[in-house]
Amino acid sequence: MDSSDILKEINKQLVRVTNNEAIVLSKQSTAGEIPEWDSLTHIQLIVELEKCFKIKFKSTEISNWKNTGDIIQSIQSKIKC
Amino acid sequence: MKDFNSLQQNLKKDFSGLKKIKLAVVADSSTQFLVQAIKGYGFDQAVNFEIYEAGYNQIDLQIFNKTSALYQFTPEYIIIFQSVEKLKNKFQKSELKSRGSFADSHIQYVEKLCDTISESLQTKIIYLNFYELSDGVYGNYSNKTEESFLFQLRKINYLLMHIATKISNLFIGDMSLLQARFGRQFNYDPKMYVNADIVFSIDFLPYAAKSISDIILSTSGYFKKCLILDLDNTLWGGIIGEDGIEAIQLGDLGIGKAFSELQLWIKQLKNRGIILAVCSKNEEHIAKEPFEKHPEMILRLNDIAIFTANWNDKAENIKHIQQSLNIGLDSIVFLDDDPVERNRTRTFLPGLTVPELPSDPAEYLEYLTALNLFETASVSAEDTNRTQLYVDDVKRKTEAKNFTDENSFLATLEMKSSIKAFDKFTIPRVAQLTQRSNQFNLRTVRYSEAQIEEITYSDNFFSFVFTLEDKYGNSGLVSAIILKKQNNETAFIDTWIMSCRVFMRGLENFALNNVVTSARKKGIKKITGEYIPTEKNNIVKNFFLKMGFENQNGIWALDTTKYVEKVNFIQAVQ
């Protein structure tokens, strides 16, 4: 799965948990730019991503994410292995 | 069960017009998600939960400070949620020598919370019990030492049940039971706990919300009263009309165990006060045969209040059962193995609960018990006889058809009633009546036992209970009236309720005669009243007019000095 597919999936899940269909993510997007993307929806997003990619994030990596691109990298590293 | 995200979608929907219930959530962990789940779940139950969410970790601050926002909100329900994770931390930081009494001190604390709340608020308290959790210190040996966390934790859960039997406005939300069903891995997400202090996992939230909502709805008067049963492949395996009584599967035959255990469960429900009825496409005498003769049948004919076996449309038959019992469709559950019948009855009878039974009968019982359809708010001694009461009533109605004139029918019933003020023996049943009665209920105020007790011993209230007995049977305590003294000469009808089983018997006439007589003795010259309409109490819409009250600027009033006794056919007895 390449990074643009993962980005699409993240976008889809974020739309779902925020109920805002207007959200369009890029790799540079950060939570700060999207008002609905608060700490609670972030938690929900993580749970949804774990479910749909069948992976588990570590708390340590979650706290290191700076933007959407970091999330994509985390996911890619897990699907590969 | 809908997932959390679907419940969240509900939050955007239109809640106007839904029944409003005010509740407060106080917790020692983050509860934003839980609150959303409860609110969203409520929408699907046609309830608008207006929720006050206390700030994070503010249990003591909100409850012990009587000027807090919690008290200003005047909730009808307070949900207190202490997490097992916080409890464990508290335990592990406590002194070794005090650990043996950890549970006792915690329970004292919970009692203090309840007492403090109840001093100032007329509210029901829902305390969530604890998930079971080992702290991994003693292993299985935890069971052998009082100083272990697990020992104290289980003791707390046990003692919570114990104090709930004593504190009538305290209800326990059984999270421990839900954990037994789903397991900790499902209920709890360590990442959510560590990052956001949320102790219920996203997937578990809808189940927690349902459990809490079940308590709220049942204590607000929404609960099931009747279970209607299909027969073939629902109550036994096979088809009685084709296989015959020897070949239907029950007990040791074939997969009979599934059906026997289902029947055993249904029998327990009947003993708890759920009315049973049968609705089956069958020849009546063939359908009744197993109930009369099959040695492995657990349900017998006298367990069934109404037995309908014919070839008519089932929706029609259910409608008939509902009307005979005089209860709401929304208080009835219908069990049928046939998906076509289920869909049909669901479509034609909105409000009826029709569980989507699994296709394998082995799964029936697990599936049904997990739905928790029969949550109740109270139990009373009368519950075990409830079916008999309805059976008597059906006889009465059959007899009534032979009379063209209602009064001459009533005169043949030989009715007797005893009148008393509330006392300690009648308090539970009166509270139950206020919770159960939807139709003949002028103001639909729901009272807990504690509140009824207060009314019983207050000088500001006059209370009356009425029993009713006739030649067909004893209906027990069927009506209650609460008058609130407004001044020395005026009393207001705070509550007037009557069980739907005794409508059309003239008991209200008899009751008013007695109320007026008693009021006169106390110097009350004027009795006032109010009708608060609900979806279900249309039957008493014109009650005051019919009983001779005068409308004085929106308030109904009766002059006791000019009251003319109402005709009735009931004899007062001790």
Side-chain angles (χ1 to χ4, degrees), chain A residues 6-25 29-32 34-68 70-79 81, chain B residues 1-15 25 27-41 43-44 51 53-57 81 83 85 182-209:
Chain A
I6 296 175
L7 179 66
K8 268 186 217 154
E9 189 59 39
I10 297 175
N11 205 135
K12 190 177 126 195
Q13 294 302 333
L14 190 63
V15 164
R16 208 166 93 92
V17 300
T18 58
N19 275 327
N20 179 357
E21 295 193 4
I23 292 175
V24 181
L25 288 177
S29 302
T30 63
I34 298 165
E36 295 93 342
W37 195 353
D38 58 16
S39 58
L40 272 181
T41 44
H42 190 55
I43 286 280
Q44 238 185 309
L45 175 69
I46 291 166
V47 172
E48 294 301 330
L49 291 175
E50 286 187 335
K51 263 196 243 171
C52 75
F53 289 106
K54 298 188 175 62
I55 53 171
K56 284 272 172 200
F57 297 113
K58 286 183 199 159
S59 291
T60 43
E61 62 183 322
I62 293 169
S63 51
N64 285 330
W65 291 340
K66 299 280 181 290
N67 58 24
T68 308
D70 291 347
I71 304 181
I72 295 173
Q73 265 188 359
S74 266
I75 293 171
Q76 262 180 328
S77 71
K78 287 175 204 302
I79 331 188
C81 61
Chain B
M1 179 69 82
K2 277 191 179 180
D3 67 11
F4 176 58
N5 199 252
S6 314
L7 294 182
Q8 275 185 320
Q9 306 290 340
N10 280 353
L11 301 180
K12 289 191 298 186
K13 294 180 182 161
D14 181 13
F15 281 74
V25 177
D28 61 8
S29 60
S30 299
T31 49
Q32 291 98 323
F33 282 163
L34 180 63
V35 164
Q36 290 176 9
I38 295 172
K39 177 97 183 169
Y41 185 83
F43 182 83
D44 291 334
I51 305 178
E53 185 185 1
Y56 172 73
N57 207 3
F81 172 30
S83 64
E85 288 74 17
F182 296 110
R184 182 158 172 86
Q185 288 201 327
F186 178 85
N187 288 2
Y188 171 81
D189 184 337
K191 197 162 30 266
M192 281 172 64
Y193 172 63
V194 169
N195 287 297
D197 215 5
I198 296 173
V199 293
F200 288 162
S201 73
I202 297 272
D203 290 338
F204 177 64
L205 286 165
Y207 295 95

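Below, chain A is the first sequence line, B the second, and so on; all start at residue 1.
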Using non-hydrogen atoms only, which part of A:Q44 is less than 4.5 Å away from chain B: side chain, backbone, both, or neither?
-> both
Please flag which part of A:V47 lies under 4.5 Å from any non-hydrogen atom of chain B: side chain, backbone, both or neither.
-> side chain
Any idea which of B:I198, B:N5, B:I202 has the most non-hydrogen atom pairs under 4.5 angstrom with chain A?
-> B:N5
Taking atom types as modelled and ignoring hydrogens, do the side chains of B:Q32 and B:Q36 form a donor-acceptor contact shorter than 3.5 angstrom?
-> no
So, the side chain of A:N11 versus the backbone of A:I23: is there a donor-acceptor pair under 3.5 Å, distance only?
-> yes
When B:F81, B:F4, B:F33, B:Y188 are each screened for ring pair (Phe, Tyr, Trp, His ring centres under 6.0 Å) with B:F200, the one that passes is B:F81
With only heavy atoms counted, which part of A:I43 is less than 4.5 Å from chain B, the side chain, the backbone, both or neither?
-> side chain
Any donor-acceptor pair under 3.5 Å linking the side chain of A:T41 with the backbone of A:T18?
-> no
Look at A:S63, A:S59, A:S39 and state which one has the largest set of heavy-atom pairs under 4.5 Å with chain B.
-> A:S59
Side-chain donor/acceptor of B:S201 to backbone N/O of B:F204, under 3.5 Å = yes
